[in-house]
Structure formats: C-alpha cells, structure tokens
2 protein chains.
Amino acid sequence: MREEIVDGELHEADGRELDDATVAELHERLEKYMEKNGLRSTSQRRLVSEAFFRSTGHLSIEDLLATVREEDSKIGYATVYRTLKLLKDCGLAYERHFGDGVSRYEVALEDEHHDHLICMSCGKIVEFENDEIEQLQDDLAAKHGFVLKRHVHELYGLCGDCRTD
Amino acid sequence: MREEIVDGELHEADGRELDDATVAELHERLEKYMEKNGLRSTSQRRLVSEAFFRSTGHLSIEDLLATVREEDSKIGYATVYRTLKLLKDCGLAYERHFGDGVSRYEVALEDEHHDHLICMSCGKIVEFENDEIEQLQDDLAAKHGFVLKRHVHELYGLCGDCRTD
DNA sequence: CTCGATGCAAATGCTTTGCAGAAAA
DNA sequence: TTTTCTGCAAAGCATTTGCATCGAG
C-alpha cells in the first residue's frame with residue numbers, strides 16, 4: 001500500500017515511480033496531443049512533464065516549480081500552471097483539492113483509481129481502490145440516468161497513530 | 001428526489017425547506033454555542049443564519065449576501081464569511097467545493113448525508129445516500145486503522161438530458 | 001518567417017484581516 | 001463600561017492574463 005505524508009511543506013511518498021518505458025509512453029502521448037492540436041514541444045514543457053511523470057505523489061505547482069528550477073532556474077509559475085493545464089486537457093493529469101486552497105496534481109494512469117483516506121491530524125494519505133464501491137457508484141448513477149465520467153471520493157478521519165481512543 | 005441546477009449564476013432547488021420548529025432548533029443550537037464561547041448574538045448573525053437555515057441548496061457567499069441584503073442592505077461580505085465560518089465551527093454548516101473556485105455551504109443536519117451526483121454539462125446536482133457504500137467506507141477505513149469523521153463523495157458525469165448516446 | 005510559448009508583472013477572484021466606530025452584555 | 005462585532009477597505013493567496021520577446025516548426 002502506498003502512503004504519503006502531506007503536511008504543509010513536506011511531501012513524501014513511498015514510491016510508485018514509473019519505469020522508463022511508461023514515462024516514455026506518457027511523453028509520446030503528450031507529443032501526439034500537442035502535434036494534433038498545433039501546440040509546440042518546448043524544452044520547458046518537456047522538463048515540467050518529465051518532472052511530473054517521474055513524481056510519486058500529489059504535487060502542488062510549487063513542488064513542481066521547485067523541482068524543475070533545479071534544472072532550469074528561469075522557469076516561471078505561469079509556465080508550470082499552463083503546462084499542468086495542458087496535461088489535464090490531454091488526460092495525463094488529475095487535479096485534486098484537499099481542503100487547503102492548493103491544487104495538487106497526480107499522473108493519470110488509465111487503469112488506476114486514486115481514492116483517498118486522509119488523516120485530519122497528521123495529514124497522512126492512503127490511496128485506495130474498491131471495486132465494490134465503484135460498482136455501487138455506477139449502479140447508483142445509472143439509476144439516475146447518469147453516465148459517470150469521474151469521481152471524487154475522500155475519506156477524512158484519524159489514522160491509527162493519531163487516534164486517542 | 002431533490003434536484004438542483006447550479007450553472008454559474010442560477011441556483012434552484014426543488015425544496016427541502018425546513019419547518020419552523022427545525023429552524024428554531026438550529027437557531028437555539030447556534031445561540032447556545034455562542035453563549036458558551038463568549039460570542040455575541042447580533043442582528044447580522046441572526047439574519048445570515050436565518051437565511052442560511054431557510055435555504056434549500058448549495059449556497060455561495062454571494063447567494064447568501066444577496067439574500068440578506070434584501071433585508072439589510074448594509075451587510076458586508078466579511079460578515080457573511082465570518083458568520084459562515086462560525087456556523088461551520090459549531091457544526092451547523094458544511095462547506096463544499098465543486099471544481100469552480102467558489103465555496104458553497106449547506107445546512108448540516110445530523111441525520112443526513114449529502115453525497116452528490118453532478119452533471120458535467122448542465123450542472124444538475126442530485127443528492128444521494130447509499131448505506132452500502134457508507135458501510136464499505138467504514139470497513140475500508142477500519143482496515144487501515146482509521147476512524148472516519150467525514151467524507152466527500154462526488155460522482156461526475158452526464159445526466160439523462162445531456163447524454164448524446 | 002510565423003505563430004505559439006515563455007517569463008515577467010500586473011490583474012483577477014475569492015477569502016481574510018486590520019482598524020475605527022457601533023453595539024452587545 | 002468592556003469586549004466583541006461590523007463594515008469598509010486593504011491585504012493575502014492561488015491562479016490567470018497581457019504583452020514584449022523568444023524560439024519551434
């Protein structure tokens with residue numbers, strides 16, 4: 001089970017690093033999307049998307065900016081925002097909001113669901129996937145005539161370390 | 001089934017108006033909370049909370065401000081924000097974020113769950129409650145050592161009217 | 001060359017805060 | 001009278017945008 005600490009500044013994850021082949025495939029998808037839409041492949045876009053694809057957790061724009069600036073110190077906020085918007089648009093990134101006013105992003109792999117169990121005290125995030133719940137969601141949506149495209153499912157509580165009972 | 005349209009400016013709901021007794025009880029809870037915490041019962045707070053308790057949907061600060069200004073045109077944004085914060089703090093309001101950058105609030109009734117099925121095209125919101133899902137959530141949380149306090153469960157898709165298939 | 005992308009700074013939109021006057025207790 | 005609250009305007013943040021310049025195609 002992957003876990004991750006998110007407490008203000010610190011973000012650690014225990015690794016879901018994608019292998020080179022997968023990262024290459026993601027870059028390809030991005031390139032294809034840009035080409036099809038008359039967008040240009042720039043060093044900044046490649047750098048930001050590389051940092052993003054290689055990342056392991058729920059990154060904020062700041063996290064990402066800090067990472068890419070190690071490589072190219074002149075990259076600005078706007079570029080990172082614009083690149084992440086591009087990645088969202090071509091379906092390679094999910095945008096998440098966990099209460100604080102900050103957008104966090106994570107790589108969108110087709111075959112993965114990322115629902116979250118979040119500790120309200122220490123900020124630990126446990127990702128989960130539950131087929132039964134997914135099925136119930138679909139049923140419920142169908143009952144109301146909806147076709148589901150995506151969902152947000154976040155459980156907030158206290159983790160084992162933070163419970164006092 | 002309650003439904004509601006949320007599309008930028010327009011917000012309509014088909015009625016979950018609380019009866020006077022319930023509204024009175026909510027006011028009482030608020031008064032008690034304020035007294036216990038050395039806070040004061042002002043005409044503005046009574047007005048904002050009344051408008052809020054009588055509301056039927058997912059109101060933004062603007063919605064609420066517009067409503068209370070019909071009664072008292074001098075009420076300012078800050079007061080509404082501060083009052084809603086107070087209502088959240090004493091457990092009478094839930095704060096929600098549906099993608100757009102706006103906070104929406106709804107009355108927190110103890111015995112109700114408000115999960116949401118949201119049409120990505122027309123913005124229709126259907127509220128739902130599903131005990132099986134609730135149970136699975138609890139089980140899942142317990143398996144990870146968590147005690148759940150609250151959750152966010154939003155299903156996004158296309159409603160019957162907006163589907164093209 | 002052309003047109004999209006970048007970086008900067010200014011602008012925006014929502015929310016919070018500081019402060020002097022107003023009003024509960 | 002004392003302390004909190006209000007309304008206003010200013011400040012804060014995260015995010016977006018305008019524009020001159022840069023660079024991919």
Side-chain angles (χ1 to χ4, degrees), chain A residues 6 8-9 11 27 30-51 58-66 68-69 71-90 93 95-105, chain B residues 6 8-9 11 27 30-51 58-66 68-69 71-90 93 95-105:
Chain A
V6 177
E9 301 302 293
H11 306 283
H27 277 295
L30 175 58
E31 293 295 328
K32 212 162 278 175
Y33 177 89
M34 291 194 293
E35 193 176 331
K36 184 158 55 183
N37 293 78
L39 306 175
R40 291 173 184 176
S41 178
T42 65
S43 65
Q44 293 90 334
R45 283 180 175 168
R46 286 188 298 269
L47 191 55
V48 172
S49 58
E50 172 74 11
H58 304 86
L59 285 93
S60 65
I61 293 292
E62 281 234 352
D63 295 334
L64 223 28
L65 184 67
V68 297
R69 278 194 171 162
E71 199 79 17
D72 176 350
S73 62
K74 297 184 305 308
I75 288 190
Y77 275 89
T79 299
V80 181
Y81 273 105
R82 285 187 279 228
T83 304
L84 267 291
K85 182 174 186 328
L86 167 62
L87 289 167
K88 264 194 305 181
D89 290 346
C90 71
E95 186 176 352
R96 312 227 174 250
H97 300 98
F98 297 120
D100 55 349
V102 192
S103 296
R104 295 183 184 285
Y105 301 85
Chain B
V6 176
E9 300 302 293
H11 307 282
H27 276 294
L30 176 58
E31 292 296 329
K32 212 162 281 174
Y33 178 89
M34 290 194 293
E35 194 177 331
K36 185 159 52 181
N37 293 78
L39 306 175
R40 289 171 185 179
S41 178
T42 65
S43 66
Q44 293 91 333
R45 282 179 177 170
R46 285 188 298 271
L47 190 56
V48 172
S49 58
E50 172 74 12
H58 305 85
L59 286 93
S60 65
I61 293 291
E62 281 234 351
D63 295 334
L64 223 30
L65 185 67
V68 297
R69 278 194 172 162
E71 199 78 17
D72 176 352
S73 62
K74 297 184 305 307
I75 288 191
Y77 274 90
T79 300
V80 181
Y81 273 105
R82 286 187 278 228
T83 304
L84 268 291
K85 182 174 187 329
L86 167 62
L87 290 167
K88 262 194 307 180
D89 290 346
C90 72
E95 186 176 352
R96 311 222 174 256
H97 299 98
F98 297 120
D100 56 349
V102 191
S103 296
R104 295 182 183 287
Y105 300 85

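Numbers restart at 1 for each chain; the letters A, B, ... are given by sequence-line order, proteins then strands.
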Would you call [X] and [Y] a side-chain contact if the rule is heavy atoms closer than 4.5 Å?
{"X": "A:H97", "Y": "A:S103", "result": "yes"}
{"X": "A:V102", "Y": "A:I61", "result": "no"}
{"X": "B:V48", "Y": "B:L84", "result": "yes"}

[atom1]-[atom2] distance between [X] and [Y], expressed to the nearest 0.5 angstrom:
{"X": "A:L64", "Y": "A:L47", "atom1": "CG", "atom2": "CG", "result": "9.5 Å"}
{"X": "A:L39", "Y": "A:E31", "atom1": "CG", "atom2": "CD", "result": "10.5 Å"}
{"X": "A:R46", "Y": "A:E71", "atom1": "CZ", "atom2": "CD", "result": "12.5 Å"}

- Give a yes or no answer on whether the side chain of B:R45 reaches the backbone of B:T83 with a donor-acceptor pair at less than 3.5 Å.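 Pair absent, no side-chain N/O of B:R45 close to backbone of B:T83.
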
- Quantified as the angle between the terminal helix axes (five pairs each), what is the overall bend of the helix from C:dC1-D:dG25 to C:dA25-D:dT1 to 10 degrees?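 Rounded value for the end-axis angle: 30°.
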
- Does a sphere of radius 6.0 Å around CD in A:E95 hold more than 12 heavy atoms from other residues, nucleotides or ligands, not counting ones at 6.0 Å or beyond?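 Enclosed: over 12 neighbouring heavy atoms sit under 6.0 Å from CD of A:E95.
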
- Query: Which whole-number value in Å describes the distance from B:N37 CG to C:dA25 C1'?
  - Reply: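 Roughly 16 Å, once rounded to whole Å.
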
- Query: Can you pull the contact range of chain B along DNA chain D, 5' to 3', using atoms under 4.0 angstrom from its heavy atoms?
  - Reply: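 Counting from the 5' end, contacts occupy D:dT3 to D:dC8.
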
- Message: Assuming nearest nucleotide by heavy-atom distance, tell me which of B:Y105 and B:S41 is located more 5' along DNA chain C.
- Response: B:Y105

- Query: Could you go step by step and tell me if B:D63 and B:R104 meet the side chain to side chain contact (heavy atoms under 4.5 Å, CB included) rule?
  - Reply: CA-CA 9 Å; B:D63 295 334; B:R104 295 182 183 287; 3.9 Å; yes

- Item | B/S/- contact track for nucleotides 2-13 of chain C, protein heavy atom under 4.0 Å | -BBSBBB-----

- Show your reasoning for whether side chain to side chain contact (heavy atoms under 4.5 Å, CB included) applies to B:K74 and B:Q44. CA-CA 10 Å; B:K74 297 184 305 307; B:Q44 293 91 333; over 6 Å; no

